[in-house]
Visitor: 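For reference, the structure I am asking about is given below.
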Amino acid sequence: MPANSAMHTPARRQARARAQLSRRLFLAGVGATAAAAAGIGAIGLAGAQPQPTPANRFGRMFPDLPPYVPADERCRQAMLSIGAVGGIMDADDDLAAGPVQLILDPALSAGNRDNPDHTAGITFLGQFLDHDMTFDQTSPLGTPTRPEDSPNDRTPALDLDTVYGGGPDVDPELYESDRRRLRVESGGLFEDVPRQGGGTAVLGDPRNDENAILSGLHAAFLRFHNGVVERLQATGYGGNVFAEARRLVTWHYQWIVVHTFLPLVCGQEVVDDILDHGRDHYRPEPGPAFMPIEFQIAYRMGHSMIRPSYRLNLQGDDGGPFFGFIFDPAAQFEDDPSDLRGGVRKPRRFVGWQTFFDFGDGQVRTNKRIDTVLSTPLFRLPLGAITGGRPPISLAQRNLLRHMTWSVPAGQRIAQNMGNRMLMLQDAMAPYGIALENQTPLWFYVLAEAEQLADGRRLGPTGARLVAEVFLGLLELDPSSYLAAAPNWRPTLPSTTPGGFLMQDLLRFAGVDPSARGQ
């Protein structure tokens with residue numbers, strides 16, 4: 001068991017709950033100067049009203065809809081068959097051609113099309129966001145479980161608790177001795193997340209070391225926070241420097257979610273409609289937020305965006321570019337793995353961000369489209385990349401079995417409930433013995449809807465509404481978020497466009513951009 005798994009013991013959970021309540025009370029009162037500049041009244045701790053800690057639980061957006069299939073062995077085997085290696089969801093990428101050719105020659109992944117609207121970094125930003133909102137460690141895969149009985153080990157908020165943990169009092173191992181800056185170490189050439197002697201990352205969430213790109217993104221956020229601390233100190237900020245730095249970091253991050261990520265994944269029209277007219281389906285009552293299991297399933301659409309291989313950097317491999325499969329079973333026992341798995345510190349394992357976000361140098365690469373196929377390496381995950389370390393090793397099988405865990409309704413029923421056009425997909429299920437009357441697993445339905453109605457460039461109407469309502473709802477229900485506390489706020493840190501803030505701006509401020517790398 002990784003050393004940092006102690007963070008998730010019952011005693012540690014209680015400490016985290018106390019820290020999370022303190023965070024909400026405290027962040028509601030910090031940044032009075034910024035709040036005044038944004039046109040809202042200054043909020044101080046002395047006058048703050050206690051806010052309830054959101055119940056860290058899962059729940060349902062559509063509690064009156066029946067489950068897609070019964071949780072019997074016949075349906076379990078059908079789910080395993082749909083998500084099997086070589087099944088209908090396997091893109092059949094030509095892995096024998098190697099990681100470089102799979103990037104250069106689209107014909108080697110003819111059934112796994114590129115998405116011209118998304119750069120490759122959107123996948124990993126999406127994974128980073130997921131880890132910030134939800135972590136289910138208890139519900140057994142494929143065994144019916146009440147969502148309300150499954151604790152969510154993340155706060156249902158975009159509050160970066162994966163980065164900050166419970167704060168310097170609860171998780172001092174994440175912080176420097178000044179209790180203001182986060183620990184960042186070196187991977188030989190450039191930054192790395194803190195690690196123990198055996199390579200285990202010391203993080204607020206161990207999943208952020210699942211692959212080298214996500215680990216690099218986490219390290220960038222550590223440096224981003226530290227840069228904001230240094231900026232506040234340099235300008236003579238007289239308040240609580242750590243708290244104000246955390247607020248600034250969190251609000252700029254939330255801005256990227258609202259103004260970059262959601263428009264790309266869900267469409268600007270859907271985002272604007274929810275912001276202007278409210279949420280129709282994610283409306284927790286009474287107030288505290290919860291994590292809907294329908295979102296948990298639909299949001300796994302990001303798995304379809306993953307490429308089979310990536311160029312991690314331009315000069316890390318003996319002065320040349322480092323290419324690797326996202327996962328490769330053959331790299332299991334290598335000291336410096338040839339794939340991009342996490343959990344390893346070596347000089348070449350750093351991220352050249354020009355591959356993942358557009359810095360205008362022509363080096364950026366794209367995501368895969370949101371459709372009903374996944375890149376072939378995702379059907380052979382290393383056990384180390386799986387929470388709990390137990391099979392099945394096919395990511396598609398795991399996603400499909402999750403429908404049975406939480407008795408998730410069929411995609412068509414949710415689409416109908418939303419008033420959307422229903423797709424007729426029963427023929428896709430018929431070969432697996434589950435040809436119910438136009439019933440499809442929600443995850444497969446969301447992927448098919450994106451493929452058929454949006455050409456895989458973004459989610460279709462049902463998936464987009466599910467995802468965007470929950471993201472925006474979590475922000476609106478969190479009294480410390482910028483959307484709730486200061487909806488007219490605009491980013492204040494340096495950016496290429498004043499009043500805006502992109503991932504490229506965050507990476508530049510953190511000093512991990514191509515120019516800072518000299519590459």
Side-chain angles (χ1 to χ4, degrees), residues 19-45 48-56 125-126 128-134 152 154-167 204 221 224-225 228 240 242-263 266 271-272 274-276 278-279 282-284 286-292 295 299 467-493 499-501 503 506:
Q20 288 157 6
L21 176 58
S22 297
R23 181 196 74 83
R24 294 185 179 279
L25 291 172
F26 191 73
L27 286 181
V30 301
T33 301
I40 62 172
I43 306 171
L45 274 177
Q49 295 299 314
Q51 298 291 340
T53 302
N56 284 358
L125 175 59
F128 186 85
L129 296 173
D130 174 64
H131 293 178
D132 191 26
M133 298 180 290
T134 176
N152 179 10
R154 295 267 68 83
T155 54
L158 293 158
D159 59 2
L160 289 174
D161 62 338
T162 51
V163 172
Y164 294 106
F221 269 88
F224 181 44
H225 169 85
V228 175
N240 185 315
F242 168 74
E244 177 64 359
R246 180 172 183 175
R247 183 191 69 82
L248 283 169
V249 167
T250 303
W251 281 18
H252 283 78
Y253 157 73
Q254 293 170 351
W255 179 273
I256 291 171
V257 174
V258 175
H259 294 275
T260 297
F261 182 78
L262 289 180
C266 301
V271 175
D272 290 344
I274 296 170
L275 290 173
D276 292 342
R279 290 170 275 116
Y282 180 58
R283 303 176 66 180
F290 67 89
M291 183 53 59
F295 171 88
Y299 192 64
V467 169
E469 283 207 10
V470 172
F471 267 106
L472 295 173
L474 293 179
L475 288 169
E476 291 168 346
L477 293 164
D478 178 359
S480 67
S481 79
Y482 93 84
L483 208 55
N488 294 321
W489 174 83
R490 293 294 181 269
T492 57
L493 294 176
F501 201 73
M503 273 302 302
L506 186 154

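From a predicted model like this one, the values you see are computed outputs, not experimental measurements. The figures that follow rest on heavy atoms only: side chains count, while hydrogens, waters and symmetry mates do not.
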Visitor: Compute the ring centroids of Phe471 and Phe295, then answer whether they are less than 6.0 Å apart.
Guide: yes
Visitor: Please step through side chain to side chain contact (heavy atoms under 4.5 Å, CB included) for the pair Thr250 and Tyr164, ending with a clear verdict.
Guide: CA-CA 10 Å; Thr250 303; Tyr164 294 106; 4.3 Å; yes
Visitor: Quick one, Phe128 with Phe261, criterion ring pair (Phe, Tyr, Trp, His ring centres under 6.0 Å). Give me CA distance, side-chain angles, the key distance, then yes/no.
Guide: CA-CA 12 Å; Phe128 186 85; Phe261 182 78; over 10 Å; no
Visitor: Are Leu125 and Met503 side-chain neighbours, meaning at least one heavy-atom pair lies under 4.5 Å?
Guide: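 SC-SC contact between Leu125 and Met503 confirmed.
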Visitor: First locate atom CG of Leu160, then atom NE2 of His225, and finally report the distance between them rounded to the nearest 0.5 Å.
Guide: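 The distance works out to 10.5 Å.
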Visitor: State whether the side chain of Tyr299 and the backbone N or O of Gly126 hold a donor-acceptor pair below 3.5 Å, judged by distance alone.
Guide: yes
Visitor: To the nearest 0.5 Å, how far apart are CH2 in Trp255 and CG in Leu506?
Guide: 14.5 Å
Visitor: CG of Leu474 to CE of Met291: how many Å apart, nearest 0.5 Å?
Guide: 5.0 Å
Visitor: Please name all residues satisfying side chain to side chain donor-acceptor pair (under 3.5 Å) with Thr260, sequence neighbours left out, ordered by chain then number.
Guide: none
Visitor: Is the shortest side-chain heavy-atom distance between Phe290 and Leu477 below 4.5 Å?
Guide: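 No - every pair of side-chain heavy atoms lies 4.5 Å or more apart.
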Visitor: Could you tell me the separation between the CG atom of Leu262 and the CG atom of Leu275, rounded to the nearest 0.5 Å?
Guide: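 So the CG of Leu262 and the CG of Leu275 are separated by 8.5 Å.
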Visitor: Check step by step if side chain to side chain contact (heavy atoms under 4.5 Å, CB included) holds for Arg154 and Asp161.
Guide: CA-CA 7 Å; Arg154 295 267 68 83; Asp161 62 338; 3.1 Å; yes
Visitor: Could you pull out the closest heavy-atom pair between Ala485 and Pro479, with the gap in Å?
Guide: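 Minimum heavy-atom separation between Ala485 and Pro479: CB-O, 3.5 Å.
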Visitor: Taking the side chain as everything from C-beta on, heavy atoms only, tell me whether Pro292 gets closer than 4.5 Å to Val470.
Guide: yes
Visitor: Measure the CZ-CG distance between Arg279 and Leu472 for me, rounded to the nearest 0.5 Å.
Guide: 8.0 Å
Visitor: Less than 6.0 Å separating the ring centroids of His259 and Phe501?
Guide: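 They do not qualify: ring centres at least 6.0 Å apart.
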Visitor: Which atom pair, heavy atoms only, marks the closest approach of Arg246 to Asp159?
Guide: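 For Arg246 and Asp159, the tightest heavy-atom pair comes out as NH2-O, 3.3 Å.
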Visitor: Who pairs with Glu469 by side chain to side chain donor-acceptor pair (under 3.5 Å), at least two apart in sequence or on another chain?
Guide: Arg465
Visitor: Supply the atom-to-atom distance Phe224 CZ to Leu248 CG, rounded to the nearest 0.5 angstrom.
Guide: 8.0 Å
Visitor: In terms of side-chain heavy atoms, does Asp132 have a donor or acceptor partner in Tyr253 at a distance below 3.5 Å?
Guide: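 On atom types as modelled, these side chains qualify, holding a pair under 3.5 Å.
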Visitor: Side chain to side chain contact (heavy atoms under 4.5 Å, CB included), that's the test. Do Asp478 and Leu158 meet it? Break it down for me.
Guide: CA-CA 8 Å; Asp478 178 359; Leu158 293 158; over 6 Å; no
Visitor: Mind listing the closest non-hydrogen atom pair of Pro284 and Ala289 along with its distance?
Guide: CG-CA, 4.4 Å
Visitor: Closest approach of Pro263 and Val257, non-hydrogen atoms and distance?
Guide: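 Scanning both residues completely, I find the closest heavy atoms to be CD-O, 4.2 Å.
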Visitor: Will you find, in the side chains of Tyr482 and His252, an N or O donor that is under 3.5 Å from an N or O acceptor?
Guide: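 Result is no, nothing qualifies.
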